[in-house]
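Read through the structure below, which is laid out as structure tokens, and then see the notes.
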Amino acid sequence: MKLISCKDLSIGYDNHVVASDLSFDICDGDYLCIIGENGAGKSTLMKTLLGLQKPISGELSYENGLHQNEIGYLPQQTDIQRDFPASVKEVVLSGCLNARKFRPFFSKSDRKRCQESMDLLGLTDLKHSCYRELSGGQQQRVLLARALCATKKLLILDEPVAGLDPIVTTEMYAMIERLNKEEAVTVVMVTHDVSASLQYASKILHVSHHPLFFGTKEEYLNTKIGQAFLGLSMAQEGDGKQ
Amino acid sequence: MTISYFLQQLYVQRALIVSVLVALCAALLGVSLVLRRYSLIGDGLSHVTFGTMAVAAVLGVTEMYISMPVTVGASILLLRGSTKSKLKGDAAIALISVSSLAIAYLLFSKFPTGNVSADVCKTLFGSSSIMTLRPEDVKTSVIFTAFVLLFFVFFYNRIFAITFDEPFARATGCHTTVYNILLAAITGIVIVLSMKMVGALLITALIVFPALSAMRVFKSFRTVTICSSITSVIGAGAGVFFSLLTGLPVGSSIVAADLLIFLLFLLISVICSLIGRTTQK
């Protein structure tokens, strides 16, 4: 079942095209990784999918009753959040706002949903802790729980492991995989981490101003670009280790 | 001359009501403004108000009619445009604030409406006019405060969401532009109202001190909001009484009271963290 369908999509800002000719579908249950170099248009594509930015041309449609506010979003952390006085519960609960329409206060069912997300991500003990005093990995989990309050259909994750240490990174990926497999949440992840993409994703979209590839992971591994990019990233990792 | 004697005086009652209410509004706004890195917006906008006062004085019109719309307009321009405009936040604030200061002083000098330096000093540091408030002034500030309080109660959750993470709020279907414009408009109005109390140069104190004090000690958005409202009210009340008893300027007294409260909270937070460290060991 299709959730989002893009046809000949051109994206960018101020009429400056960053990437064009994007045609792909996001289906129910997918784990799609959007990969590509810096400045290739990954973030712009993500913002366009979220409705934060209008496409320059082409078609972007939400299918099968998916509403724009049913897309959960894990943004990168901002400077503002680093010293923000907020409890974990307050942050997670703020994810329920989209279902509120014009009603100003949270209902019992919102609070229940908030509690469920916190349970799911193991945050219940931290409920009353201050967000700014948590570790990087815990903060990411709080933001993920907030995104889950907004929706259980589709999550868009922007570099979810940026700045996390290796152990926490593995935990984070495991958690995202569990959401995808057990809770049937469709995941779209924008990432630099090619090896993780190839480990967890079911589909790959490789963007570099033009779409270089869209398809399943297995197909990607058989293409020249896939092998080249993979080889490149492994070489880089090798460099990093030395 | 005791406090109870002052409390019976009508002019003292009016001054107290107005300063406490305006301080309350400023504190509520302050939490969101400080967290969004707009601490100096008050400074910039109050200079705009100062400029409009000069224009009003020259034209001989009631100040409110010019200063309110212009300040609110400038506020919306500064707070809303910051994400898209070519001039970035702090630069835009600097630009607008110095231009208005210069124009105001030029106007005051070209068309002297009395004692220029007294006029300028009064608008920059607030005047004792807070002690000569008319019943209408009290009514305006009561109505306005009620409006601000209702806004904050009803949109509390949205204000939190927008302050914490605007892109997320927007992506999940919150009309952030509308709330930003509303917040900006309220900021403009609060600044015009507080000009009378503390003057153009000290307004920032009303906005930032309560929020900063509360953030030293409290750790959730709700407690910070509540605490900053309370400290702001206490600071305003204490400042007015101090000024009455000593005959010193009202605005500066209120700011000094806010500063004392801030230092007290700072001390508490230092002590708390020291205790925390020793118990951890």
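Lettering follows sequence order; numbering is per chain, from 1. Everything numeric here is computed off the predicted structure, so don't read it as measured data.
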(message) Rounded at 0.5 Å granularity, tell me how far OG in A:Ser94 sits from CD1 in B:Ile159.
(response) 13.5 Å

(request) Report the distance from atom CG of A:Asp83 to atom CE of B:Met215, rounding to the nearest 0.5 Å. (result) 7.5 Å

(message) Rounded to the nearest 0.5 Å, what separates atom NZ in B:Lys219 from atom OG in A:Ser129?
(response) 9.5 Å

(message) I'd like to know if B:Arg36 and A:Asp79 make a salt bridge, using a cut-off of under 4.0 Å between side-chain N and carboxylate O.
(response) no

(request) Heavy-atom distances under 4.5 Å only: say whether A:Val91 touches chain B with side chain, backbone, both or neither. (result) both

(message) For B:Phe242, I'd like to know if atom CZ has over 12 heavy atoms of other residues, nucleotides or ligands within 6.0 Å.
(response) no

(request) Heavy-atom distances under 4.5 Å only: say whether A:Gln77 touches chain B with side chain, backbone, both or neither. (result) neither

(message) Just verifying a value: how many Å separate A:Gln81 CD and B:Leu35 CG, rounded to the nearest 0.5 Å?
(response) 11.0 Å

(message) A side-chain contact here means heavy atoms from C-beta on lying under 4.5 Å apart; do A:Phe105 and B:Val153 qualify?
(response) yes

(request) Indicate yes or no: at least one non-hydrogen side-chain atom of B:Asp165 is less than 4.5 angstrom from one of A:Arg146. (result) yes

(message) With chain B as the partner, which of A:Ala147, A:Cys130, A:Gly72 has the greatest number of non-hydrogen pairs under 4.5 Å?
(response) A:Cys130

(message) Quick check: under 4.5 Å, non-hydrogen atoms only, which of residues 221-230 of chain B neighbour chain A?
(response) B:Phe221, B:Arg222, B:Val224

(message) Tell me if the CD1 atom of A:Ile167 is crowded by more than 12 foreign heavy atoms within 6.0 Å.
(response) no

(message) Does anything in residues 45-59 of chain A reach chain B? List residues with heavy atoms under 4.5 Å apart, or say none.
(response) A:Leu50, A:Leu52

(message) Rounded to the nearest 0.5 Å, what separates atom CG in B:Asn157 from atom CG in A:Leu93?
(response) 6.5 Å

(request) Write down the atom of B:Phe218, the atom of A:Arg132, and the distance for their closest heavy-atom approach. (result) O-NH2, 3.5 Å

(request) Please flag which part of A:Leu143 lies under 4.5 Å from any non-hydrogen atom of chain B: side chain, backbone, both or neither. (result) side chain

(message) Can you give me the closest heavy-atom contact between B:Phe168 and A:Ala150, atom names plus distance?
(response) CZ-CB, 4.3 Å

(request) Under 4.5 Å heavy-atom distance to chain A, tell me which part of B:Arg37 shows up: side chain, backbone, both or neither. (result) side chain

